[in-house]
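In what follows, a structure is listed as structure tokens, so that the remarks can point back to it.
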Amino acid sequence: MKSQILKKWWFWVIVVVFIAALANNNNSEKEKAEATPKQQPAATPAATEPPVNTAAQKEPAATATPAPADTKKETEKKETADTQFGNIGLTASQFKSAFNKASAEFKSDLKIGNLKVEDGAVQNTFSTKLTEYLYVNGSVNKSNGKLREVYILGSGDGTPKSGADLMVSFGLIVTATNPDLSADERGTVFKELGLIGDNVDIKKLDKSIVRKNIKYTIKYMDQIGFMFIASDPNEK
């Protein structure tokens, strides 16, 4: 591969470390995995619906026509929900374009095809499959269509290809959400998240850092695998 990212020493260190860790983890849990029905990861669960603002409303002018009670409640509910969630500055469509552009630059075969945003009670969501083991999920603000967060969910099967796909997918999320970062700056994201170093224990990964107003979080969960999240660090 001629892509710049694949020539960086940190990329190959990550891939080697994670392929080894994933292989060991898969071998130790092989019997458990075979006995458990395969589950596909779901999209981000809908957020708990916030309470309707019950503050007293200003009395309308005598000549004004009062808004229907249901309409007022829906407006209040929407305004309350919008103030609780941040956004990362991209719509779902813009993110898809940025992700696929980064994938082409990296000479990767990880592409987002059909990306269908599903309507939710408070936040809209999407989930799309990259490989047999990797999914891209996200939540979308109803008011402006901007992504609240987007994340990779999944793992690998212990093969070099799945290990490389896993790490490249993390890099694509960073590049799509922070296109101004250099290759070296992307490398420091992985380093500070604890993905590079001696004696990396993937089962203990749970850390967040902020780069140019995007928060990146890495987590590992036994039943699901990895979550690599890009979100708004200023979200209340």
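Throughout, numbering of the chain's residues begins at 1 and tracks the sequence.
Residues that satisfy the side-chain contact (heavy atoms from CB on, under 4.5 Å) test with Ala98, not counting sequence neighbours, are Ala176. Applying the side-chain contact (heavy atoms from CB on, under 4.5 Å) test to Lys111 and every residue at least two apart in sequence or in another chain returns Asn100, Ser103. In this view, Tyr216 satisfies the ring-ring contact (aromatic ring centres under 6.0 Å, His included) rule with no residue, not counting sequence neighbours. Looking at residues two or more places apart in sequence or on another chain, you find no salt bridge (Lys or Arg N to Asp or Glu O under 4.0 Å) involving Asp206. With sequence neighbours excluded, no residue forms a salt bridge (Lys or Arg N to Asp or Glu O under 4.0 Å) with Asp180. Residues satisfying the side-chain contact (heavy atoms from CB on, under 4.5 Å) test with Lys204, not counting sequence neighbours, are Asp201.
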#### Entry: Audit row: Ile224, Phe226, side chain to side chain contact (heavy atoms under 4.5 Å, CB included) steps and yes/no
CA-CA 7 Å; Ile224 298 176; Phe226 293 96; over 6 Å; no

### Task
Applying side-chain hydrogen bond (donor to acceptor under 3.5 Å, both in side chains), run through Ser182 and Asp184 and close with a yes or a no.
CA-CA 5 Å; Ser182 68; Asp184 287 334; 5.2 Å; no

### Task
May I have the step-by-step check of salt bridge (charged side-chain N to carboxylate O under 4.0 Å, His left out) for Asp109 and Lys161, ending in yes or no?
CA-CA 11 Å; Asp109 58 0; Lys161 179 64 166 64; 3.4 Å; yes

### Message
Please determine whether side-chain hydrogen bond (donor to acceptor under 3.5 Å, both in side chains) holds for the pair Asn213 and Asn178, giving the CA-CA distance in whole Å, both sets of side-chain angles, and the decisive distance to 0.1 Å.
### Response
CA-CA 9 Å; Asn213 210 37; Asn178 236 323; over 6 Å; no

### Message
Show, in sequence, the C-alpha distance, side-chain angles and deciding distance for Gln123 and Lys142, and conclude whether the side chain to side chain contact (heavy atoms under 4.5 Å, CB included) test is met.
### Response
CA-CA 6 Å; Gln123 294 276 282; Lys142 283 180 170 291; 5.5 Å; no

### Task
Show your working on side chain to side chain contact (heavy atoms under 4.5 Å, CB included) between Asp232 and Phe85 and close with a plain yes or no.
CA-CA 8 Å; Asp232 184 347; Phe85 304 121; over 6 Å; no

### Task
Show your reasoning for whether side chain to side chain contact (heavy atoms under 4.5 Å, CB included) applies to Thr91 and Leu147.
CA-CA 6 Å; Thr91 65; Leu147 291 175; over 6 Å; no

### Message
Walk me through whether Glu149 and Lys215 qualify under salt bridge (charged side-chain N to carboxylate O under 4.0 Å, His left out).
### Response
CA-CA 9 Å; Glu149 66 177 13; Lys215 181 170 74 172; over 6 Å; no

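Separation of atoms CG (Leu110) and OG (Ser169) is listed at 6.5 Å; rounding is to 0.5 Å. Going from atom CD of Glu118 over to atom OG of Ser139 covers 14.0 Å, rounded to the nearest 0.5 Å. Atom OG1 in Thr217 sits 7.5 Å away from atom CG in Leu193 (nearest 0.5 Å). With rounding to the nearest 0.5 Å, the separation of CG in Leu153 from OG in Ser127 is 8.0 Å.
Between Glu235 and Arg148, at least one side-chain nitrogen of the basic residue sits less than 4.0 Å from a carboxylate oxygen of the acidic one, meeting the salt-bridge criterion.
Looking at every heavy atom in both residues, Ser162 comes nearest to Asp157 through OG-OD1, 2.6 Å. Here the shortest heavy-atom pairing between Thr177 and Ala230 reads CG2-CB, 4.0 Å. Here the shortest heavy-atom pairing between Gly225 and Ser155 reads CA-CB, 4.3 Å. Residues Leu205 and Gly194 come closest through the heavy atom pair CD2-O, 3.7 Å.
By the 4.5 Å heavy-atom criterion applied to side chains, Leu181 and Thr175 are not counted as neighbours. Residues Asn137 and Phe126 have side chains not in contact (no heavy-atom distance under 4.5 Å, counting atoms from C-beta outward). Counting heavy atoms from C-beta outward, Ile218 and Phe170 have side chains that approach closer than 4.5 Å. Taking 4.5 Å as the limit, every side-chain heavy atom of Thr131 sits out of range of all side-chain heavy atoms of Lys129. Put simply, the side chain of Thr125 does not reach to within 4.5 Å of the side chain of Val140, judged on heavy atoms. Using a 4.5 Å heavy-atom threshold, the side chains of Val136 and Leu172 count as separate. Contact of the Met167 side chain with the Phe190 side chain is registered, since non-hydrogen atoms from C-beta on lie closer than 4.5 Å. In this structure, Leu130 and Ile152 have side chains that are in contact, with non-hydrogen atoms separated by less than 4.5 Å.
For the salt bridge (Lys or Arg N to Asp or Glu O under 4.0 Å) with Glu192, the qualifying choice from Lys207, Arg186, Arg211 is Arg211, the only one to do so. Shown are Phe228, Phe99, Phe95; of these, the side chain to side chain contact (heavy atoms under 4.5 Å, CB included) with Val150 is made only by Phe95.
No donor-acceptor pair closer than 3.5 Å links the side chain of Thr128 to the backbone N or O of Lys116. Looking only at distances, no side-chain donor or acceptor of Thr188 sits under 3.5 Å from a matching main-chain atom of Lys191. A donor-acceptor pair is defined here as one N or O able to donate and one able to accept, closer than 3.5 Å; no such pair exists between the side chain of Ser108 and the backbone of Ala104.
One hydrophobic cluster, built from ILVMFWY side chains closer than 4.5 Å, cannot hold both Val189 and Val210; they sit in different ones.
When only modelled atom types and interatomic distance are considered, Ser143 and Asn141 share no side-chain donor-acceptor pair under 3.5 Å.
In Lys219, the NZ atom is not crowded: 12 or fewer heavy atoms of neighbouring residues, nucleotides or ligands sit closer than 6.0 Å.
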